[in-house]
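Working notes for the structure below.
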Amino acid sequence: MELIIVFIVLFFLIGTVGIALPSKSSKKISSLRMEASRTGFKITSSSFGNLSFKNKDLSLVNYQIKNTTNLKEAHFIRDKDDLILYSPLKLKYSKEYDEINNKLKEVSNFVHEVIFSNASIAFLWEEKAGIEELNKIRESLEFF
């Protein structure tokens, strides 16, 4: 009987230590976020913040970079393989729209939404793609 109690206590002790240790995937995400914040990205959950993303998938994470482009107000949503303009519709009839649309075709398929504001460019993306993909996203969003 004492032996059973000792095994149960050891089982719970090992289980508690196992839960406290980070998993391989959480270590990978942690290092990605650390590297991203070092290179100038601001990282928040998509459920928090003042930006109104239409995609409510909580597995996607909101990354923001400083907006150095001429585009100060626009919202694009991924539809199949393309990012399409959600708002403002007046942008679609401007002279620059074709150029903007061509540049947005270069953005990674891991990006689901992009919002351009005066201060920042915010985008929802799948972090599993890694830091190399994040750097490609930065290059393709800073297109002006």
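Just so it is clear, the structure is predicted and the values come from calculations on it, not from any experiment.
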[X] and [Y]: which non-hydrogen atoms are nearest, and at how many Å?
X	Y	value
L83	V114	CD1-CG2, 4.0 Å
S59	D57	OG-OD1, 2.9 Å
E133	S108	OE2-OG, 2.6 Å
L32	G130	CD1-C, 3.6 Å
A74	P88	CA-CD, 3.8 Å
S120	Q64	OG-OE1, 3.8 Å

If we ignore hydrogens and angles and just use 3.5 Å, is the side chain of [X] paired with the main-chain N or O of [Y] as donor and acceptor?
X	Y	value
S37	R33	yes
R78	D81	yes
S94	L91	yes
E127	I29	no
N67	S117	yes

Nearest 0.5 Å, please: how far is [atom2] in [Y] from [atom1] in [X]?
X	Y	atom1	atom2	result
K42	N62	NZ	CG	8.5 Å
I115	S87	CD1	OG	8.0 Å
K54	L124	NZ	CG	12.0 Å
F123	I137	CZ	CD1	5.0 Å
D82	K105	CG	NZ	5.5 Å
E139	L134	CD	CG	10.5 Å

Is any side-chain heavy atom of [X] closer than 4.5 Å to a side-chain heavy atom of [Y]?
X	Y	value
Y63	I65	no
F76	V111	no
N55	I77	no

Candidate pair R38 and E35, rule salt bridge (charged side-chain N to carboxylate O under 4.0 Å, His left out), full reasoning: CA-CA 5 Å; R38 277 191 213 129; E35 183 65 28; 3.1 Å; yes

Test side-chain contact (heavy atoms from CB on, under 4.5 Å) applied to E126 - qualifying residues, sequence neighbours left out: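 Per chain and number, E126 pairs via side-chain contact (heavy atoms from CB on, under 4.5 Å) with L60, F110, H112, K128.
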
Suppose we screen for side-chain contact (heavy atoms from CB on, under 4.5 Å). Which residues come up paired with K95, at least two apart in sequence or across chains?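 side-chain contact (heavy atoms from CB on, under 4.5 Å) list for K95, sorted by chain: empty.
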
Do [X] and [Y] land in one hydrophobic cluster if side-chain heavy atoms of ILVMFWY residues count as linked below 4.5 Å?
X	Y	value
I4	F12	yes
F116	I84	no
I43	I121	yes
L71	L85	yes

Give a yes or no on this: more than 12 heavy atoms of other residues, nucleotides or ligands lie within 6.0 Å of atom OH of Y86.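 Atom OH in Y86 is not crowded, with 12 or fewer foreign heavy atoms closer than 6.0 Å.
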
Do other residues, nucleotides or ligands put more than 12 heavy atoms under 6.0 Å from the NZ atom of K72?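 Correct, the count exceeds 12.
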
Could you pull out all residues at least two apart from E73 that satisfy salt bridge (Lys or Arg N to Asp or Glu O under 4.0 Å)?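 Partners of E73 under the salt bridge (Lys or Arg N to Asp or Glu O under 4.0 Å) test: none.
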
